[in-house]
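On a predicted model such as this, the values are computed, not experimentally measured, just so you know. In what follows, chains are A, B, ... by sequence order, proteins preceding strands, each numbered from 1.
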There are 2 protein chains.
Amino acid sequence: MDRFLSNAVNRIDAKGRVSVPAHFRAVVQKRGYSELYALRCLDRPAMDVGGLDLLDRYEQRIAQEDPFLQTADDMSFFCHGDGTFLKLDQDGRITMSDFIREHTGISAEVAFVGRGNFFQIWEPGRLATYGAEARARLLQLRQGTKPGERPE
Amino acid sequence: MDRFLSNAVNRIDAKGRVSVPAHFRAVVQKRGYSELYALRCLDRPAMDVGGLDLLDRYEQRIAQEDPFLQTADDMSFFCHGDGTFLKLDQDGRITMSDFIREHTGISAEVAFVGRGNFFQIWEPGRLATYGAEARARLLQLRQGTKPGERPE
DNA sequence: TGGGGCATTATGGGCGTCAACGGGAACAGG
DNA sequence: CCTGTTCCCGTTGACGCCCATAATGCCCCA
């Protein structure tokens, strides 16, 4: 399997390190990522983590904009400046910098969530909250289909 | 890696020097920049820093303007006259001149922000403010997509 | 089918290296 | 002579490399 799937919660040690789940490490290796890049999610207290190809999509998008307008600058700021490298040590661990803790609220434990071509890291409590909200929204959608009728 | 990515905050010492992050120095060397050029950003309290190819971008833009109008003259002044050279000393540090401090508000610490082909220097507090604004603007964009559609 | 042993993972900690930083001294220019 | 700059050194703290250990899962074989 070459996609990031499933999820796991691991503990941060005294040095601020946390093990990336073995399954994710295998995917990283299979995809040939030499280093990981973590991006602050726009509207969530989470980081998107993946290879540098994570940036390709954003850069293609930026190329469509007038480089002297605000939008292009904001996009570049977001994808080039609002991210950080995550180096896997040889035991497969990454260190949680203040930059990441600030945005995610992570302190003692990290939740890893597969998202296909990348994965996310969350503070476990906030992930649970967000998951509940996401499910609630999906229920809303379902109820938005014809009332009393089964949506499938 | 040959692009300026990620960010860092470093302290200014008593002599007005500050270390350029090691990762950025590596990019500078890889790109073969013999000296760095810093440009005052137009509408932000930041400096754009990069090789002399940084000017190419602006010069192309100026070429599109009518040379008899004020705009072209203003742009030329901005990109040719409103910049300064930054010399890396042999420990990889640069000196923060009054010219830079005045425009950026930098006093005790410097935030370095990767922007792909160049990087920026900011006063950390102002960077945080600007970052929040940029993120808010990008979210506006996202909300402009069709309702119910997945924005990513 | 159950048990023992091997492999792998998560986690903790010692230690060396290097980047960031502070400061002395040589040096140049006005 | 004084000021600011450049070179060079030492210190410190963070991070990467290495090893150890405990827990878990897996496989093979009796």
Side-chain angles (χ1 to χ4, degrees), chain A residues 1 4-30 33-38 47 49 83-102 106-114 119 121-124 127, chain B residues 1 4-30 33-38 49 84-102 106-114 119 121-124 127:
Chain A
M1 183 51 58
F4 296 101
L5 294 176
S6 89
N7 61 85
V9 175
N10 285 342
R11 212 186 332 255
I12 299 179
D13 70 12
K15 292 182 175 182
R17 300 172 300 184
V18 61
S19 292
V20 174
H23 174 251
F24 285 9
R25 299 204 302 264
V27 177
V28 165
Q29 193 175 11
K30 188 165 238 165
Y33 295 154
S34 56
E35 45 196 349
L36 293 174
Y37 192 69
M47 311 285 299
V49 185
T84 184
F85 286 105
L86 292 181
K87 265 195 317 196
L88 277 169
D89 72 15
Q90 60 182 23
D91 294 330
R93 288 183 279 197
I94 54 179
T95 62
M96 293 290 108
S97 63
D98 288 342
F99 180 76
I100 294 178
R101 294 174 190 261
E102 229 172 76
I106 286 172
S107 60
E109 288 188 324
V110 180
F112 293 83
V113 184
F119 64 90
I121 58 182
W122 287 77
E123 192 282 318
L127 174 61
Chain B
M1 181 46 49
F4 295 100
L5 291 176
S6 89
N7 60 83
V9 175
N10 285 342
R11 222 186 329 267
I12 299 180
D13 70 12
K15 295 181 180 178
R17 301 171 300 184
V18 62
S19 293
V20 175
H23 175 251
F24 284 10
R25 299 204 303 263
V27 176
V28 166
Q29 193 174 11
K30 189 165 232 165
Y33 295 155
S34 55
E35 46 195 350
L36 292 174
Y37 193 67
V49 185
T84 182
F85 287 104
L86 292 181
K87 256 193 328 192
L88 278 169
D89 73 13
Q90 60 183 20
D91 291 335
R93 289 184 276 199
I94 54 179
T95 302
M96 292 291 108
S97 63
D98 288 341
F99 180 77
I100 294 178
R101 293 174 190 262
E102 204 178 286
I106 285 172
S107 61
E109 289 188 322
V110 180
F112 293 82
V113 183
F119 64 90
I121 58 182
W122 286 78
E123 192 283 318
L127 172 63

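Two residues are said to be in side-chain contact when any heavy atoms from C-beta on lie closer than 4.5 Å; B:I94 and B:V110 fail this criterion. Counting heavy atoms from C-beta outward, B:Q29 and B:L88 have side chains that stay 4.5 Å or more apart.
The separation between A:I94 atom CD1 and D:dA14 atom C1' is 17 Å, rounded to whole Å. Separating the CE atom of B:M96 from the C1' atom of C:dA20 is a distance of 15 Å, rounded to the nearest angstrom. Distance CZ (A:F24) to C1' (C:dA10): 15 Å, rounded to an integer number of Å. If you take CG of B:D13 and P of D:dT11, they are 18 Å apart, rounded to a whole angstrom. Atoms CG (B:D98) and C1' (D:dT3) sit 14 Å apart, rounded to a whole Å.
Taking a 6.0 Å sphere around CD of B:E35, one finds it holds more than 12 heavy atoms contributed by other residues, nucleotides or ligands.
Nearer to the 5' terminus of DNA chain C, by closest-nucleotide assignment, is the contact made by A:P21 (compared with the other of A:P21 and A:R17). When each of A:H23 and B:R25 is assigned the nucleotide of DNA chain C bearing its nearest heavy atom, the one mapping closer to the 5' terminus is A:H23.
A salt bridge is absent between A:D13 and A:K15; no separation between the charged side-chain nitrogens and carboxylate oxygens falls under 4.0 Å.
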Original post:
Passes side chain to side chain contact (heavy atoms under 4.5 Å, CB included), B:M96 versus B:I121? Steps please.
Top reply: CA-CA 10 Å; B:M96 292 291 108; B:I121 58 182; 4.1 Å; yes

Under 3.5 Å donor-acceptor pairs involving side-chain atoms of residues 18-27 of chain A, not counting sequence neighbours:
from, atom 1, to, atom 2, distance (Å)
A:R25, NH1, A:V20, O, 2.8

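Side-chain atoms of B:D89 come within 3.5 Å of backbone atoms of B:D91 as a donor-acceptor pair (strictly under, hydrogens ignored).
Atom CG of B:N7 is separated from atom CH2 of B:W122 by 12.5 Å, given to the nearest 0.5 angstrom. Distance CG/A:D98 to OG1/A:T84: 11.0 Å, rounded to 0.5 Å.
The base of C:dT11 is not paired with the side chain of A:K15 by any donor and acceptor separated by under 3.5 Å. Between the side chain of B:R11 and the base of C:dG22, no donor-acceptor pair under 3.5 Å is found.
Comparing the local axis fitted to the first five base pairs of the helix from C:dT1-D:dA30 to C:dG30-D:dC1 with the one fitted to its last five gives a bend of 20°, rounded to 10°.
A heavy atom lying under 4.0 Å from DNA chain C marks the following residues of residues 84-93 of chain A, by number: A:D91, A:R93.
Within the nucleic acid shown, B:V9 has no heavy atom closer than 4.0 Å to any nucleic acid atom.
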